[in-house]
Amino acid sequence: MDPWHEGVPPADVPLVQLLEGSADQVARRLLGARLISEFEGERTVGVIVETEAYLGTDDPASHAAARVGRTRRNASMFGPAGHAYVYLIYGMHWCMNVVTGGVGDPSAVLLRALDPIEGCEIMSRRRHGRRGIASGPGRLGQAMRIDGSCNRRDLSRPPLTVAGGWPVADETVGVSPRIGVTRADDWPLRFYVRGNAHVSGKPR
DNA sequence: TTCTAGATTCGCT
DNA sequence: GCGAATCTAGAAT
């Protein structure tokens with residue numbers, strides 16, 4: 001049983017504190033934190049249970065890798081930490097990242113899966129009743145009503161917020177290569193909560 | 001201007 | 001297990 005299912009109140013940790021250090025440290029620390037979405041009067045909350053780190057210009061798998069440079073799409077990754085980098089993939093799925101690092105250091109953490117704890121029926125409706133409410137980056141985006149208008153948003157204030165949650169112990173954290181990437185496909189930068197049913201598919 | 005691959009998901013076989 | 005859906009950024013021409 002995860003602590004967020006046991007009636008324990010979430011820790012009141014400021015976002016800036018969650019963002020200290022390198023993207024892989026942040027990706028690890030964001031496990032157990034909350035993602036809160038409040039659009040059109042509908043509040044939905046999920047606990048982050050799966051993340052991937054993208055390490056900046058030296059990371060060949062990043063949208064901001066050195067060979068790509070700064071472009072219109074990845075511009076928000078070069079901005080301040082604590083803002084969102086949202087992009088459309090395969091013409092239909094919105095993927096949500098938390099920007100880390102300082103201005104000019106394009107690091108980010110992709111949010112891959114949530115354990116829904118509030119507004120589950122809303123998320124389920126947005127997902128058209130399909131299985132896997134927020135299990136996978138595209139599903140997470142759909143469940144939380146994330147789209148291009150969320151790009152560059154400050155995640156320390158509504159309507160889209162990342163906030164403290166419940167610390168996850170080291171022995172409960174799994175690490176693996178990132179899913180779906182074709183470059184640097186053996187770098188151990190995916191982090192997930194072991195045993196949580198909402199963690200998405202296995203690495204290829 | 002045209003082409004191609006992509007940090008995915010879903011439904012069908 | 002496999003292919004379609006759907007569209008944009010970035011690359012090629």
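Just the heavy atoms: all of them, side chains too, but no hydrogens, waters or symmetry mates, feed the values below. No experiment lies behind these values; they were computed from the predicted model shown.
A:Ile133 places its CD1 atom 16 Å from the C1' atom of B:dT9, with the value rounded to the nearest Å. Regarding A:Trp94, its CH2 atom lies at a distance of 21 Å from the P atom of C:dA5, rounded to whole Å. The distance from atom CD of A:Gln142 to atom C1' of B:dT9 is 9 Å, rounded to the nearest whole Å. Distance CG (A:Leu111) to C1' (B:dT8): 16 Å, rounded to an integer number of Å. Here the P atom of nucleotide B:dA7 and the CG atom of A:Leu88 are 12 Å apart, to the nearest Å. Atom CG in A:Asn97 sits about 11 Å away from atom P in B:dA7, given to the nearest Å. Atom-to-atom, NE2 of A:His128 to C1' of B:dG11 comes out at 15 Å; the value is rounded to the nearest Å. Computed from coordinates, the A:Met92 CE to C:dC7 P distance equals 8 Å when rounded to whole Å.
Relative to the side chain of A:Ile89, the nucleotides C:dT8, B:dC10, B:dT8 differ in distance, and B:dT8 lies closest. Side-chain atoms of A:Val68 lie closest to C:dG10 of the nucleotides C:dC7, C:dT6, C:dG10. Considering only side-chain atoms of A:Arg127, the nucleotide from C:dA9, B:dC10, C:dC7 that sits closest is B:dC10. Closest to the A:Tyr90 side chain, of the nucleotides B:dT8, B:dA7, C:dG10, is B:dT8. Each of B:dG6, C:dC7, C:dA5 was ranked by its minimum atom distance to the side chain of A:Thr182; first place goes to B:dG6. Nearest to the side chain of A:Met77, among C:dA5, C:dG10, B:dA7, sits B:dA7.
Donor-acceptor pairing under 3.5 Å, judged by distance alone, is present between the side chain of A:Tyr87 and the base of B:dA7.
The partner of B:dA7, taking Watson-Crick or G-U wobble pairs whose two distances both stay under 3.5 Å, does not exist in any strand shown. Across all strands shown, C:dT6 has no partner, as no Watson-Crick or G-U wobble contact with both distances under 3.5 Å is found. Pairing for C:dT13 is absent, judged as Watson-Crick or G-U wobble with the two contacts each under 3.5 Å.
For B:dA7 and C:dG1, the P atoms lie 22 Å apart once the distance is rounded to whole Å.
OP1 or OP2 of C:dA9 has not a single side-chain nitrogen or oxygen of A:His63 nearer than 4.0 Å. Contact check, A:Arg131 against B:dT9: no side-chain N or O comes under 4.0 Å of OP1 or OP2. For the pair A:Arg72 and C:dA9, the criterion of a side-chain N or O lying under 4.0 Å from OP1 or OP2 is met. Not one side-chain nitrogen or oxygen of A:Arg130 sits closer than 4.0 Å to the OP1 or OP2 atom of B:dT9. Residue A:Arg139 has a polar side-chain atom (N or O) positioned under 4.0 Å from OP1 or OP2 of B:dC10.
With no hydrogens or angles considered, no side-chain donor-acceptor pair links A:Arg152 and A:Ser76 at under 3.5 Å. Under the 3.5 Å distance criterion, with hydrogens and angles disregarded, a donor-acceptor pair is assigned to the side chains of A:Asp115 and A:Trp4. One side chain, A:Arg127 or A:Gln142, offers a donor N or O that lies under 3.5 Å from an acceptor on the other. The closest side-chain donor-acceptor pair between A:Gln25 and A:Ser22 falls under 3.5 angstrom.
Each of A:Arg183 and A:Leu140 has a nearest nucleotide on DNA chain B; the 5'-most of these lies closest to A:Arg183.
The CG atom of A:Leu110 sits 5.0 Å away from atom CG of A:Asn97, with the distance rounded to the nearest 0.5 Å.
The backbone N or O of A:Pro137 lies less than 3.5 Å from no partner atom in the side chain of A:Arg112, so there is not a single donor-acceptor pair.
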